[in-house]
A.B. asks: 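Could you have a look at this structure, given as structure tokens, before my questions?
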Protein chains: 2
Amino acid sequence: MTQSHKGHDHVWADDLTRNQELVLGTLAHAHGPLSAYDILDRLRDDGLRAPLQIYRALDKLTERGLAHRLESLNAFVCCADAHCHQSGCIAFAICERCGKVEEFAEPAIESELKGWSKASGFVPSRMTVELRGLCAGCASQPA
Amino acid sequence: MTQSHKGHDHVWADDLTRNQELVLGTLAHAHGPLSAYDILDRLRDDGLRAPLQIYRALDKLTERGLAHRLESLNAFVCCADAHCHQSGCIAFAICERCGKVEEFAEPAIESELKGWSKASGFVPSRMTVELRGLCAGCASQPA
DNA sequence: CCCGATATGTTATTTAGTTACATCCGCGCG
DNA sequence: CGCGCGGATGTAACTAAATAACATATCGGG
């Protein structure tokens, strides 16, 4: 059951399990970040019932860089572009009005952080960079 | 009851309420980050009983920069140095072995993020930068 | 003295994430 | 074939994190 379950939309990787594919598909269709429980609610019709089923899929997906966790939101997004998990450090700008999330990679930030790490002896395994504020659209809006 | 309740250790600001002072004191004495519930447990003897009492104090303290929230840990630390809240962006390096947290300010990172914001039209209100990994001490340890 | 703003206290509830345990499925190997 | 092992699944119960709703108190100014 590994390949071609049906005519689903997009194929990110050919070796995803059913649950992983369902979760990633849900994230991909969402307009913004979703909590694990949001995802669960949208997948009840597909037979998923327990939070753990979602968390397990999310773990694998985030490990592989196909999804990202937004720490400051306790929520998840689908990775915006395929190259991202090659460039280690990804940053997010989260709009507090409309909820939209922009994913961007600033290599300069990553090298800054690497520089600090080297200087201090810290050995980083994961980096989280999140901005909260207003996106361009919302910032220019009246009230 | 705003000033000089008792001979407590250190005075960070003269206008903290009793609960705020208790919470900040707890954070200051802790060796590492504490969750809100950790703090609550340590303050039962002082009469605090409900999570909300802790969260309210933490809100005020983080607003004023006297404490910081570690998003990737759902935990809080006492601000390490008095100057920090003048330089907007603070970064944290969190050791996954010993739990120690180092707070550092890299102005270069802040200006990078400001630069991206300006270019993209995003108006940031808060920035989160957290490294996970091993501190110098733990990284050099055998197993 | 009264009033509005701010801080508190308390209970219950929602949201987030984990532990523990049983099952199932594909696959390599004797 | 049949055994067994590792990875994925399913389910229930639970712990942890955060908030809602409501009642009370405290303080400072007009």
Side-chain angles (χ1 to χ4, degrees), chain A residues 1-5 13-27 30 32-64 66-77 96 99 128 132, chain B residues 1-5 13-27 30 32-64 66-77 96 99 128 132:
Chain A
M1 222 209 244
T2 297
Q3 50 183 355
S4 77
H5 319 160
D14 54 358
D15 59 345
L16 292 179
T17 69
R18 174 179 143 86
N19 286 0
Q20 288 163 19
E21 206 171 302
L22 285 170
V23 167
L24 187 53
T26 304
L27 284 177
L34 296 179
S35 76
Y37 282 76
D38 290 338
I39 298 172
L40 178 55
D41 286 340
R42 300 185 185 201
L43 289 177
R44 301 233 182 237
D45 295 343
D46 295 277
L48 297 207
R49 288 135 195 278
L52 194 46
Q53 299 179 284
I54 308 299
Y55 283 110
R56 288 201 271 228
L58 286 170
D59 279 348
K60 298 296 181 189
L61 293 171
T62 52
E63 258 174 33
R64 297 182 49 167
L66 298 171
H68 303 295
R69 177 193 176 87
L70 300 175
E71 303 284 0
S72 66
L73 238 45
N74 290 338
F76 300 83
V77 290
E96 305 199 284
T128 300
R132 308 289 293 265
Chain B
M1 217 208 246
T2 297
Q3 48 182 356
S4 76
H5 317 161
D14 54 359
D15 58 345
L16 293 178
T17 68
R18 173 180 143 86
N19 286 1
Q20 288 163 21
E21 206 170 303
L22 285 169
V23 168
L24 187 53
T26 304
L27 285 176
L34 296 180
S35 76
Y37 282 74
D38 290 338
I39 298 172
L40 178 55
D41 285 340
R42 300 183 185 204
L43 288 177
R44 301 234 182 236
D45 294 342
D46 295 278
L48 297 207
R49 289 136 194 276
L52 195 46
Q53 299 178 283
I54 308 297
Y55 283 110
R56 289 201 272 230
L58 285 170
D59 279 348
K60 297 298 179 185
L61 293 172
T62 52
E63 257 174 34
R64 297 183 49 169
L66 297 171
H68 303 295
R69 177 191 176 88
L70 300 175
E71 304 284 0
S72 66
L73 237 46
N74 290 338
F76 301 83
V77 290
E96 305 198 287
T128 300
R132 308 289 294 264

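By convention in this document, chain letters (A, B, ...) are assigned in the order of the sequence lines, proteins followed by strands, and residues within each chain are numbered from 1.
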A.B. asks: Would you tell me if any nitrogen or oxygen in the side chain of B/Asn19 comes within less than 4.0 Å of OP1 or OP2 on C/dG9?
C.D. replies: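 B/Asn19 to C/dG9 OP1/OP2: side-chain N or O found under 4.0 Å.
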A.B. asks: Considering only C/dT8, C/dA16, C/dT19, which nucleotide approaches the side chain of A/Leu52 most closely?
C.D. replies: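 Nearest to the side-chain atoms of A/Leu52, counting from C-beta on, is C/dT19.
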A.B. asks: For B/Arg18 and C/dT8, what is the distance between atoms CZ and P respectively, to the nearest whole Å?
C.D. replies: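 These atoms are roughly 9 Å apart.
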A.B. asks: List the atom of B/Pro51, the atom of B/Tyr37, and the distance in Å for their closest heavy-atom pair.
C.D. replies: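 Taking every non-hydrogen atom into account, CG-OH, 3.4 Å.
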A.B. asks: For a quick check, tell me whether the side chain of B/Tyr37 and the base of D/dA17 share a donor-acceptor pair closer than 3.5 Å.
C.D. replies: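 When only heavy-atom distances are counted, B/Tyr37 does reach the base of D/dA17 through a donor-acceptor pair under 3.5 Å.
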A.B. asks: Scan A/Asn19, A/Leu66, A/Leu27, A/Leu24 and name whichever one has a side chain to side chain contact (heavy atoms under 4.5 Å, CB included) with A/Leu58.
C.D. replies: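 That would be A/Leu27.
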A.B. asks: Choose from C/dG17, C/dT10, D/dT19 the nucleotide whose nearest atom is closest to any side-chain atom of B/Gln53.
C.D. replies: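 For B/Gln53, the side-chain atoms sit closest to C/dT10.
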A.B. asks: When the distance from CD1 of A/Ile54 to P of C/dT15 is rounded to whole Å, what number comes out?
C.D. replies: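 The distance from CD1 of A/Ile54 to P of C/dT15 comes to 16 Å, rounded to the nearest Å.
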A.B. asks: From CG of A/Asn74 over to C1' of D/dT19, roughly how many Å is that when rounded to an integer?
C.D. replies: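 Atom CG in A/Asn74 sits about 13 Å away from atom C1' in D/dT19.
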A.B. asks: Counting side-chain heavy atoms from CB outward, which of C/dA16, C/dA20, C/dA7 is closest to B/Lys60?
C.D. replies: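 When the side chain of B/Lys60 is considered, C/dA7 is the closest of C/dA16, C/dA20, C/dA7.
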A.B. asks: Quick check on DNA chain D: between B/Asp59 and A/Leu48, whose nearest nucleotide comes earlier from the 5' end?
C.D. replies: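 Checking each residue's closest nucleotide, the 5'-ward one belongs to A/Leu48.
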A.B. asks: Closest-nucleotide mapping onto DNA chain D: is B/Asp38 or A/Gln20 further toward the 5' terminus? I mean the 5' end.
C.D. replies: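 Nearest nucleotide further toward 5': that of A/Gln20.
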A.B. asks: Within this structure, what is the CD-to-C1' distance between B/Glu71 and C/dA16, rounded to whole angstrom?
C.D. replies: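 Whole-Å distance recorded here is 14 Å.
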A.B. asks: Would you kindly check whether a donor in the side chain of A/Arg56 faces an acceptor in the base of D/dG10, or vice versa, at under 3.5 angstrom?
C.D. replies: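 Checked by distance alone, the answer is yes.
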A.B. asks: Just how far, in rounded Å, is C1' of D/dA18 from CG of A/Leu73?
C.D. replies: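 Taking atom C1' of D/dA18 as the reference, CG of A/Leu73 is at 14 Å.
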A.B. asks: With heavy-atom distances below 4.5 Å as the criterion, would you say the side chains of B/Leu16 and B/Arg64 are in contact?
C.D. replies: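 Yes - at least one pair of side-chain heavy atoms lies under 4.5 Å apart.
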A.B. asks: Decide yes or no for A/Lys60 and A/Thr17: does some side-chain heavy atom of the first lie under 4.5 Å from some side-chain heavy atom of the second?
C.D. replies: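 When only atoms from C-beta onward are counted, A/Thr17 and A/Lys60 do not touch, as no gap falls below 4.5 Å.
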A.B. asks: Of all the choices, C/dG17, D/dA18, D/dA8, which nucleotide is nearest to the side chain of A/Thr17 once you look at every atom?
C.D. replies: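 Between C/dG17, D/dA18, D/dA8, the one nearest the side chain of A/Thr17 would be D/dA8.
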A.B. asks: Would you say B/Arg69 places a side-chain N or O within less than 4.0 Å of OP1 or OP2 belonging to D/dA18?
C.D. replies: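 Yes, within the criterion.
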A.B. asks: Rounded to whole Å, how long is the line connecting atom CG of A/Leu70 with atom P of C/dT15?
C.D. replies: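 Distance, rounded to whole Å: 19 Å.
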A.B. asks: Scan B/Asp59, B/Thr26, B/Asp41, B/Leu48 and name whichever one has a side chain to side chain contact (heavy atoms under 4.5 Å, CB included) with B/Ile54.
C.D. replies: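 Among B/Asp59, B/Thr26, B/Asp41, B/Leu48, the one that satisfies the side chain to side chain contact (heavy atoms under 4.5 Å, CB included) with B/Ile54 is B/Leu48.
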A.B. asks: Of the candidate nucleotides C/dT10, D/dA18, C/dG17, which contains the atom at the shortest distance from the side chain of B/Ala50?
C.D. replies: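 The closest nucleotide is C/dT10.
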A.B. asks: Tell me which nucleotide among D/dT19, C/dG9, D/dG10 gets nearest to the side chain of B/Pro51.
C.D. replies: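 Between D/dT19, C/dG9, D/dG10, the one nearest the side chain of B/Pro51 would be D/dT19.
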A.B. asks: Starting at CG of B/Leu34 and ending at P of D/dA16, how long is that distance when rounded to a whole Å?
C.D. replies: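 Atom-to-atom, B/Leu34 to D/dA16, this comes out as 15 Å.
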A.B. asks: Taking CD1 from B/Ile39 and P from D/dA18, how many angstroms apart are they, rounded to a whole number?
C.D. replies: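 Going from B/Ile39 (CD1) to D/dA18 (P), I get 10 Å.
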A.B. asks: Shortest non-hydrogen contact from B/Ala75 to B/Pro33?
C.D. replies: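 Shortest heavy-atom separation between B/Ala75 and B/Pro33 comes out as CB-CB, 3.9 Å.
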A.B. asks: Where the side chain of A/Ser35 is defined as all heavy atoms beyond and including C-beta, which of D/dT11, C/dA16, C/dG9 is the nearest nucleotide?
C.D. replies: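 Of all the options, the side chain of A/Ser35 is nearest to C/dA16.
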